[in-house]
Each structure stands twice: as structure tokens, then as C-alpha cells.
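Take a look at the structure set out below.
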Amino acid sequence: MTVRVQTEDFDAGREIAALRAGDARVGAVATFIGTVRDGSDASDAPKVSALTLEHYPGMTEKSLESIVIEARGRFNILDALVVHRVGALAPTDQIVLVVVTSAHRGEAFDACRFLMDFLKAHAPFWKKEATSEGTRWVDARTSDDEAAARW
Amino acid sequence: MTVRVQTEDFDAGREIAALRAGDARVGAVATFIGTVRDGSDASDAPKVSALTLEHYPGMTEKSLESIVIEARGRFNILDALVVHRVGALAPTDQIVLVVVTSAHRGEAFDACRFLMDFLKAHAPFWKKEATSEGTRWVDARTSDDEAAARW
Amino acid sequence: MPDSLTPGLVTVRLVYLARLREAFGSAGESLALSLEDESSVATVLARLRERGGSFALELGSGRAFRVAVNHALVTTDAKLRDGDEVALFPPVTGG
Amino acid sequence: MPDSLTPGLVTVRLVYLARLREAFGSAGESLALSLEDESSVATVLARLRERGGSFALELGSGRAFRVAVNHALVTTDAKLRDGDEVALFPPVTGG
């Protein structure tokens, strides 16, 4: 079980390969990657040109670790990895990676989704968008709290 | 939307990167990889030393394409990829890759899981395991039909 | 409407896959349905079961198998036309 | 049990993050709770609101914000001990 907060990009293929390497108990690997949208398709709002990810150093890793421990308690999984980037990002950049290995797909899917839902609702990250009209802090989505409350 | 049946291994990282390349509408990428378990942790059965994947050429691609079309109709997704290997495999080898891109994570997770559930229940592939005691065709799991019936 | 473009003559291509191919000792064969036969999957299955042996065993009641006609899954009441490809196979186990 | 290892003196480290850091024009500060104060998060919030301006606005009733003490999310009735780190921040938007 590993969590990392980093400014550098991640290589999803390499992370997946490392997490399941040599483990013949693994039959299922569920992966989620969150990426920066420019928002130009979704609304009349001006296009996002850049995104800054701020976090709360010290709390962030603890928060992610406690979410992974919670997932391990709820689901029969073999291993899990969470990588979250911070700092300056651009549209199409990768933001977050969650990888879960398990024997069967149901547990891998459930745990991966649980990790994302809890991360979205509880981990101390904040997004600030830059557009041609200036910068603004992204508002939290009620749907993210609802997604976490489902579990 | 792409489906492929192939004997060669796949590079999940490269496939994910290609599917979302340059598309700033994508905010979520859900990926599933199925891998060969040796079964040594799960039962008293002898350890699986090799797996042969047989399919029904001609029907396989059509079946996968119809499953992808069904997913596209049910979920608000941007793109999807299904790669399934056939032929001789060994424990820890990759069998199947499903990647789905969408604006938001809910649809990506749902579509990815739907694709796997339908592939497991409907796509014409058959596994034959080799152990120290000989070879045997893998029995279909009732849970796979139940998983597909949920949708 | 005729079930076949050549009325009265329906020859189908049978394909056996996976465990059924091994049990039957064959990857497939051509089967001509006679004039008095109804041209349906059920007719094909009845003709195969008449052979006894592994055909009667594997296609017997209570055995799980699937049928596809021209690469689409069907039920046993599906009608057949001349030249159809009829595949018989066990429940699938991919993924 | 005392709420503090140094009875009667509770100094906490406040941390302001994201939109709140910008609104307050500060990344944080030290705050000493006086002897007559109850040492809880609610007390800290009341002291900050008394300043008016962006503190009263951002921490006002009906405004969504979160509080963590020593890196764990808490509710406003959480008690504080000397040296605690109390972070105030908007609802999170990562992932």
C-alpha cells in the first residue's frame, strides 16, 4: 500500500506493472486516472488554460493513507497505490492515479471507486483554474460528497 | 471505439495514453486489466502452470464491438478500447484490457465495469488451464452471469 | 417467406468450439437438413443427439451450452437458412 | 484531565489554506487562548470572527469550510491542547 504526493508526472503503465509485479494471486487490476479538462465542451464558461493544485502538506499523506487503510478493511484487495500531483498543471495533464489489485474484478472495481470517492470528498487538495478572465478556486461539488456517502 | 483480439501482449500505459491523447474533454480514465492467476492461494487445486485462451474468430470481434456499442448507448463516455489476448499464456500474464474515457469518473467507472461484465458473460472466449495433473477447461462462473444481469 | 434461398435444401456449416470440439473430436462439419425437417437450431440439435455418444451427452438436457448463428447468440427456436454458420460452444470464460 | 500539558495556557498554530489563505491574506498565525476561554475549535472560530472583515465573512454561518486539528478533520466542538495545529480550509476539490 503506497501513497505519494508529487509535482512530477507519473507513468501509469509503469506504476501498474510495479504494483502487480510477480504476484500470481492477482487476477484483476482496476485503475483510475484523473486528468485536467479545459471545460470548453461543458459550459459557456471560458476555457481553462491552467490549473494549480494546492494541498496541505503533512495532512495530505495522512489523509490518503487513512483512506487506503479504510479500503483495505472494506474490500478483499491485494495492494493499492494512490499518486496525486500538486503544483502547476495544464489541460490534458494527469492529476491523480489510483491502482488496485485483487484476485477478482468486483473487489478491484469497488475499492478503486471507493478510493476515488473518498479522496474527492476528504483529501486536502484544492484546484485553482486560470482562464482568460482570471483565476478562480474551483467549487466543491455536492455530487462528490454524495458519492462518498454512498459507501 | 476500438476492439482488438491478439496473441501479442499489450502495453497498458501506451494504450491509455493513446486513447486520451490530446482530448481536453477527458477528465476521467477508468482501466481494467485481467491477469492470469496461478490459483495457488485460492484452493487446494494444483497450481496453474499455463493457460490457453481459445476464441471464435469472426464472432469475437463482432461480439466485442456490440458490447462497446451498448456501453456507448448506456453511458456518457468519450471513447473506449477493448483488447483481449488469445493463445498460450502463463501466470501473471495480461489477458484483457478495457479503457474508458469520459468527462467525469462515474460514467467511466460504470462503463468500464459494464464492458468487463458483458465481455465475461457474452464474448466467445474459453480458458483451458494446465496443471501438474493435466489440462482442464475452466468452468463458467454463475457470478459472471449474475454480474451481467445487474445492468 | 421461404427460410432458404434454395427452397427445400438447407445445408448449414456446424462449428464446434473449446470443450465441445474436443468432446466431438471435430472442429465442425456440414449438415444438410432433409426436406421434411423444420430448419431450426432445435432440428440441428435433435439430429446431432440421434448420433448418441458425446453428441447425446454434451447436448443433452441439463447440459449448459450456447448456440450462435452467423456469429450472433440465438435460442434453439432460431430458424436457419441455407449456408448459415451454426456454432455450438460451452458457456464463455474469457476476460 | 487537563486539556493542555501547560494548564491555563493554550497557544495553537493556525493554518489557512487555498481560498481562505487568500481571503485572510495570511498562511497562518499563532493564537493564544486566554485563561477564561474554553479551549475548543469553536472558541478559535469565535475569536477570529470578532475581527470582522474577511474573517467574519468566510467563517460566518452558512459558509462552507472545514477544520482539521493535527491533520485530522474535526467538528467545531473538538477540544484543543497547547501546540495543536488548527487548519481552516474550504471544502476539498482534489482528484
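The analysis underlying the following values was restricted to heavy atoms, covering all of them including side chains, and did not include hydrogens, waters or symmetry mates. Order of the sequence lines sets the chain letters (A, B, ...), proteins ahead of strands, with each chain counted from 1.
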Any residues in residues 65-72 of chain D near chain A, with a heavy-atom distance under 4.5 Å, and which are they?
Arg66(D), Ala68(D), Asn70(D), His71(D)
Checking Lys120(A) against chain D: side chain, backbone, both or neither under 4.5 Å from a heavy atom?
both
Contact class of His122(A) relative to chain D, heavy atoms under 4.5 angstrom:
both
I want to check something: taking the side chain as every heavy atom from C-beta on, are Met59(A) and Leu73(D) in contact at a cut-off of under 4.5 Å?
yes
Could you check whether any side-chain heavy atom of Pro90(D) comes within less than 4.5 Å of a side-chain heavy atom of Trp137(A), counting everything from C-beta outward?
no
If you look at every heavy atom in [X] and [Y], which pair is closest and at what distance?
X: Val138(A); Y: Thr93(D); answer: O-CG2, 3.3 Å
X: Trp126(A); Y: Ala18(D); answer: CG-CB, 3.5 Å
X: Ala140(A); Y: Val92(D); answer: CB-O, 3.8 Å

For chain D, which residues of residues 1-12 of chain A have at least one non-hydrogen atom nearer than 4.5 Å to it?
none
Go through the steps to decide whether Leu17(D) and Tyr56(A) satisfy the test side chain to side chain contact (heavy atoms under 4.5 Å, CB included), and finish with yes or no.
CA-CA 7 Å; Leu17(D) 293 152; Tyr56(A) 180 11; 3.4 Å; yes
Quick one: do Glu54(A) and Arg19(D) satisfy salt bridge (charged side-chain N to carboxylate O under 4.0 Å, His left out)? Show the steps, please.
CA-CA 10 Å; Glu54(A) 175 173 330; Arg19(D) 196 194 69 236; over 6 Å; no
So with a 6.0 Å cut-off around CZ of Arg72(A), is the heavy-atom count from everything else above 12?
no
Does Arg14(A), at its CZ atom, have more than 12 non-hydrogen atoms belonging to other residues, nucleotides or ligands within less than 6.0 Å?
no
Identify, with sequence neighbours excluded, every residue that meets salt bridge (charged side-chain N to carboxylate O under 4.0 Å, His left out) alongside Asp145(A).
none
Residue set satisfying salt bridge (charged side-chain N to carboxylate O under 4.0 Å, His left out) with Asp93(A), at least two apart, ordered chain then number -> none
Are the side chain of His84(A) and the backbone N or O of Gly95(D) linked by a donor-acceptor pair below 3.5 Å?
yes
